[in-house]
*Asks:* 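Can you read through this structure? Questions will come right after.
Everything quoted here is computed from the prediction, not taken from an experiment.
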Amino acid sequence: MYDLLFRLVFRRTPAELAHRLGFGLIRLAAGPAALGRLWAAVTGPRDPVLRTRVMGIEFPGPLGLAAGFDKDAEGARALTRLGFDFVEIGTVTARPQPGNPRPRLFRLPEDRALVNRMGFNNSGAEVVGRRLRRLRATNGERSVIGVNIGKSKVATPDEAIDDYVRSTTILGPSADYLVVNVSSPNTPGLRDLQQVEVLEPLLAAVRDALVRAVPERRVPLLVKITTDLADQDIDAVADMAVRLGLDGVVATNTTTSREGLATPAATLAEIGAGGLSGRPLAPSALAVVRRLRARMGPSMTIVSVGGIETARDAYQRIRAGASLVQAYTGFVYGGARWPARIDRELAVLLRADGFTSVGDAVGADDRA
């Protein structure tokens, strides 16, 4: 139903409205217990070759839904029933905020891409935290849920650490892993936090807050960076991640670049500012994975996101050194059956190359 509606209705509907309608249908079709079990049965069991243990967490497979789709933790269980192996909710800020003025989400179908300047619209850490606690308290299948946190727009640079710490304290206990987002182009001044001299004390404070908030278990901590960083800055972040003992890096966020697009320049000018996601990011996102893996070594986790549309895209990132992969725009264009299809095709690729698990394939290109 979703696929037919996407082709006939959603692609002719303003992008943000289409997202709300589509996500509502997903929650309706796969959220309630009986319907969710039916959908899961149709999706079928995951191939055992996909199972992987990353950061001490058991994942049914390596394919996750990137942050930005389920900002408020409204449908994580329904999304895993569609076939996603894990869901990263958010970006969540300490304080609720409406985000930027509409329109703020645009399709570039010629490029299989999106442009967004959403501005971290979300209900705030308190509301999302209550929702996650209710989800964790309910019986039924358990979803692997990461939480992506960002800076509240009203927080000044001097207040940034306290703002992130507040979100960490509220959301950390319900997260399987936590991601600090300092790379969205749509919050003024946010990308300045990627400078290592600013980022390092921020991440150290978040890590300490996470230990205090969740003393009974270790919650992995990652940082999300953009493909727009210069090579030396990527290296600096990688070195800092190793130095601080972070669990990994999520690479990459959207880009402000518009180079090489098929979409007419006049259309791009009319759309204006925002972060570009989708197919055009694939080459640069892959390059960042390779650079991070070479710099950080084999032990740290890389979660690759950006331009993943096919199982071969996902497999390429894994062979380059990513332990997990995420998608957003590929799902938007691919429809509700997309995640289950990617998992099935990825399993075929792994077995064809003689791998018995995803973990065996991680970084295989370096060993070839």
Side-chain angles (χ1 to χ4, degrees), residues 2 10 14-32 36 64-82 84 86-105 114 116-138 140 142-155 163-164 166-181 184 186-187 190 213 219 224 250 253-254 275 277 305 326-329 331-332 336 339:
Y2 176 93
F10 293 164
E16 188 170 353
L17 175 59
H19 171 80
R20 291 203 304 272
L21 292 172
F23 192 19
L25 282 174
I26 288 170
R27 297 199 304 272
L28 181 65
L65 180 60
F69 193 94
D70 186 1
K71 293 177 177 293
D72 287 325
E74 296 177 302
R77 181 164 289 169
L79 289 160
T80 55
R81 285 168 175 165
L82 290 187
F84 282 108
F86 64 103
V87 174
E88 189 171 305
I89 65 102
T91 295
V92 185
T93 54
R95 310 178 211 187
Q97 55 188 41
N100 293 323
R102 293 183 176 90
R104 53 193 181 180
L105 180 63
L114 299 172
N116 93 83
R117 51 173 176 270
M118 303 298 289
F120 289 170
N121 56 306
N122 73 104
S123 299
E126 292 283 358
V127 170
V128 174
R130 286 197 296 271
R131 214 168 266 152
L132 285 172
R133 288 192 292 274
R134 285 197 300 269
L135 177 63
R136 294 305 197 192
T138 57
R142 191 183 187 282
S143 302
V144 177
I145 300 174
V147 178
N148 183 301
I149 60 172
K151 185 180 80 68
S152 302
K153 188 174 182 179
V154 296
D163 193 72
Y164 277 99
R166 183 183 175 197
S167 294
T168 299
T169 302
I170 296 169
L171 298 167
S174 300
D176 285 304
Y177 68 88
L178 192 76
V179 179
V180 173
N181 186 351
S184 169
N186 302 314
T187 297
L190 184 71
V219 180
K224 187 168 186 176
V250 181
N253 213 320
T254 59
S277 64
V305 56
Q326 292 178 332
Y328 177 125
T329 306
F331 175 47
V332 170

*Asks:* Please evaluate residues L135 and I145 with respect to the criterion side-chain contact (heavy atoms from CB on, under 4.5 Å), reporting the C-alpha separation (whole Å), side-chain torsions for both, the decisive distance (0.1 Å), and the verdict.
*Replies:* CA-CA 10 Å; L135 177 63; I145 300 174; 3.2 Å; yes
*Asks:* Can you tell me if N100 uses its side chain to pair, donor with acceptor, with the backbone of R117 under 3.5 Å?
*Replies:* yes
*Asks:* Is there a donor-acceptor pair closer than 3.5 Å between any side-chain N or O of E16 and the backbone N or O of M118?
*Replies:*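 Checked: no pair found.
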*Asks:* Identify the two heavy atoms, one from A125 and one from I170, that lie closest to each other, and give their separation to 0.1 Å.
*Replies:*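 Residues A125 and I170, closest heavy atoms: O-CG2, 3.4 Å.
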*Asks:* Which heavy atom of D163 sits nearest a heavy atom of R95, and at what distance?
*Replies:*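 Shortest heavy-atom separation between D163 and R95 comes out as OD1-NE, 3.8 Å.
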*Asks:* Between I149 and T91, which heavy-atom pair has the shortest distance, and what is it?
*Replies:* C-CG2, 3.6 Å
*Asks:* Under 4.0 Å between a side-chain nitrogen and a carboxylate oxygen: does that hold for R77 and D70?
*Replies:* no
*Asks:* Enter the distance from F84:CZ to L65:CG here, rounded to the nearest 0.5 Å.
*Replies:*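 Between F84 CZ and L65 CG, I get 4.5 Å after rounding to 0.5 Å.
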*Asks:* Going from NE2 on H19 to OH on Y328, what distance comes out if it is rounded to the nearest 0.5 angstrom?
*Replies:*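 Answer for the NE2-OH pair, H19 versus Y328, is 5.0 Å.
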*Asks:* Are the side chains of F331 and L79 in touch, meaning some heavy atoms are under 4.5 Å apart?
*Replies:*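 Yes, close enough: below the 4.5 Å cut-off.
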*Asks:* Indicate the atoms forming the closest heavy-atom contact of L132 with S174, along with that distance.
*Replies:*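 That would be CB-CB, 3.6 Å.
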*Asks:* Mind running side-chain contact (heavy atoms from CB on, under 4.5 Å) on Q326 and V250 for me, showing each step along the way?
*Replies:* CA-CA 9 Å; Q326 292 178 332; V250 181; 4.0 Å; yes
*Asks:* F86 vs Y177 aromatic rings, parallel, tilted or perpendicular, using cut-offs 30° and 60°?
*Replies:*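 It falls in the perpendicular class, over 60°.
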*Asks:* Please round to the nearest 0.5 Å and tell me the distance separating atom CG of L105 and atom CZ of R20.
*Replies:* 10.5 Å
*Asks:* Has the side chain of Q97 got a donor or acceptor atom that lies under 3.5 Å from a matching backbone atom of S152?
*Replies:*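 Side chain of Q97 to backbone of S152: no pair is present.
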*Asks:* Would you confirm whether D72, through its side chain, and S123, through its main-chain N or O, come within 3.5 Å as a donor-acceptor pair?
*Replies:*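 Here the side-chain-to-backbone pair exists.
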*Asks:* Working to the nearest 0.5 Å, report the span between CG of N181 and OG1 of T93.
*Replies:*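 With rounding to 0.5 Å, CG (N181) is 11.0 Å from OG1 (T93).
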*Asks:* Quick one: does any side-chain atom of D176 pair with a main-chain N or O of G146 as donor and acceptor, under 3.5 Å?
*Replies:* no
*Asks:* Would you say the side-chain atoms of N122 pair up with the backbone N or O of K71, donor to acceptor, closer than 3.5 Å?
*Replies:*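 No; zero donor-acceptor contacts below 3.5 Å.
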*Asks:* Taking the side chain from R27 and the backbone from G75, do they hold a donor-acceptor pair closer than 3.5 Å?
*Replies:* no
*Asks:* With the side chain counted from C-beta on, respond yes when R131 and I89 share a heavy-atom pair under 4.5 Å apart, and no when they do not.
*Replies:* no
*Asks:* Show the nearest heavy-atom pair for residues F23 and E74, with the distance to one decimal.
*Replies:* CE2-OE1, 4.2 Å
*Asks:* Verify, without hydrogens or angle tests, whether Y164 (side chain) and A94 (backbone) share a donor-acceptor contact under 3.5 angstrom.
*Replies:* no
*Asks:* Measure across S143 and A76 and return the closest heavy-atom pair with its distance rounded to 0.1 Å.
*Replies:* OG-O, 4.1 Å
